[in-house]
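Just the heavy atoms: all of them, side chains too, but no hydrogens, waters or symmetry mates, feed the values below. The sequence lines fix the lettering, A, B, ..., with proteins before strands; numbering per chain opens at 1.
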Amino acid sequence: MTEKHHFTHNWDEKNKRVSVSGLSDFDLRQTLECGQCFRWNREQDGSYTGVAFSRVINIRQEDRDLIIENCTQDDFLTIWVEYFDLNRDYGKIKKVLKADDPVMKRVISFGQGIRLLKQDPWETLISFIISQNANIPRIKKCIESLCCQFGAPIQQYRGKTYFAFPTPAAIIEGEPGALGTCRFGYREDYILKAAKQIGQDGGETLYEAASLTPGDAEQYLLGLPGVGPKVAGCILLFAMGSYSSFPIDVWMKRIMHQLYGLDEGNLAQIAAFAQDKYGELGGFAQQYLFYYAREGKNREEMERGSC
DNA sequence: AGCCAGGCCCAAC
DNA sequence: GTTGGGCATGGC
């Protein structure tokens, strides 16, 4: 019994273009700019070009359609359907979260088209080690630098060279001192140690962690250098399909205080509240809340700038 | 200029 | 087991 498809797709083999139509609850911009991923760049025409799983694509949305350029049908089916979580019924999820919760009704209306991307665990691990005590523009720069320095070139696309996310071996065997040019600061040591540890078995343990129970997977992740509860939560949620995971950072603390009156300093209280209120859907709730928190900041800045 | 950023580590209780 | 200071760096 396969899951029901909520979309149809066509492909143009000659032009390497795949068109997806009939999507609902999908907003490309919200999905790619809500802070879960760092390697997508918005082009002049509103499309996005990015790299995941060593493939370069350009993607744009027109109403309920997606147009994916530089993409074979095979890649669409084996990579991008899962990456963009196209088979999940987000209408149902939002309905459950909104039931008897006016807060979530408002929060979800802001990010109604967010999807949880299914990303690569190794890339997600390193990306969120980098993310600690940094802001999103800086995280993007660090990752870009890492990929340019150590990643394998994939292809020239529209005049630019795109690089794969580097393997652990590529990072370990890179030019001594090259890591320093990425400007990771104190995170550099975590990254090098993580690369050594993960590279030891070719990433096997990390990739198998996804099939453990969420609790066991979290315990494994917490043993990696530079990985604490928040980073582990992001890896579980964005790469391992643990959708009950509810990563709590400074934005989440603030917004949970603002919206639900919880104590910002009491991490355990916030976690327990989320577990109780959102349960298995915690990860989805977390993304809507995080987006709302950051959108709210952007709104304030716009308002300040205009007067 | 100075505060803050998708926190974690480690020492001191 | 909990708490708090220190932490490289750059965005804003």
(request) Starting at atom CZ of A:Phe290, determine the distance to atom C1' of B:dG7, rounded to an integer number of angstrom. (result) 13 Å
(request) Find the distance A:Leu222:CG to B:dC9:P and express it as a whole number of Å. (result) 9 Å
(message) Is the positively charged end of A:Arg17 above the ring of A:Trp11, judged by distance under 6.0 angstrom from the centroid and angle within 45° of the axis?
(response) no
(message) Regarding A:Phe184, tell me which of base, sugar-phosphate or nothing describes its non-hydrogen contacts under 4.0 Å with the strands shown.
(response) nothing
(message) If I take atom CD in residue A:Gln132 and atom P in nucleotide C:dG11, what distance separates them, rounded to the nearest angstrom?
(response) 18 Å
(message) Can you confirm whether more than 12 heavy atoms, excluding those of A:Glu175, are under 6.0 Å from its CD atom?
(response) no
(request) Please measure how far the P atom in C:dG11 lies from the corresponding atom in B:dC8, and state the result in whole Å. (result) 22 Å
(message) Under 4.0 Å, heavy atoms only, any strand: does A:Pro247 hit a base, just the sugar-phosphate, or nothing?
(response) base
(request) Name the nucleic acid region contacted by A:Tyr291, choosing base, sugar-phosphate or nothing; use a 4.0 angstrom heavy-atom cut-off, strictly under. (result) nothing
(message) Distance check needed: C:dC7 P versus A:Glu188 CD, whole Å only.
(response) 17 Å
(message) Which is more 5' along DNA chain B, the nucleotide nearest A:Pro225 or the one nearest A:Ala134? Just name the residue.
(response) A:Ala134
(message) C:dG10, OP1 or OP2 - any side-chain N/O from A:Arg183 closer than 4.0 Å?
(response) yes
(request) Please determine if a side-chain N or O atom of A:Lys141 lies less than 4.0 Å away from the OP1 or OP2 oxygen of C:dG11. (result) yes
(request) Assign A:Ile136 to base, sugar-phosphate, or nothing according to its heavy-atom contacts below 4.0 angstrom with the strands shown. (result) sugar-phosphate
(request) Pick base, sugar-phosphate or nothing for A:Gly226, based on heavy-atom distances below 4.0 Å to the nucleic acid. (result) sugar-phosphate
(request) Take atom CZ of A:Arg254 as the centre, draw a 6.0 Å sphere, and report whether it contains more than 12 heavy atoms from other residues, nucleotides or ligands. (result) yes
(message) Around atom NZ of A:Lys141, are there more than 12 heavy atoms from other residues, nucleotides or ligands closer than 6.0 Å?
(response) no
(request) Take the protein atom CD of A:Glu218 and the nucleotide atom P of B:dC8, then report the distance between them rounded to whole Å. (result) 11 Å
(request) Let me know the distance between OH of A:Tyr186 and P of C:dG10, rounded to the nearest Å. (result) 13 Å
(message) So does A:Ala164 get a backbone contact from the side chain of A:Ser54, meaning a donor-acceptor N/O pair under 3.5 Å?
(response) no
(request) Please state the P separation for the pair C:dG10 and B:dC9 - nearest whole angstrom. (result) 22 Å
(message) Quick check: any donor-acceptor pair below 3.5 Å linking the side-chain of A:Tyr190 to the base of B:dG7?
(response) no
(request) Could you check which of B:dC8, C:dG11, B:dA5 has an atom nearest any side-chain atom of A:Arg254? (result) B:dA5
(request) Could you tell me the separation between the CD1 atom of A:Ile129 and the P atom of C:dA8, rounded to a whole number of Å? (result) 16 Å
(request) Report the distance from atom CD1 of A:Ile139 to atom P of C:dA8, rounded to the nearest whole Å. (result) 18 Å
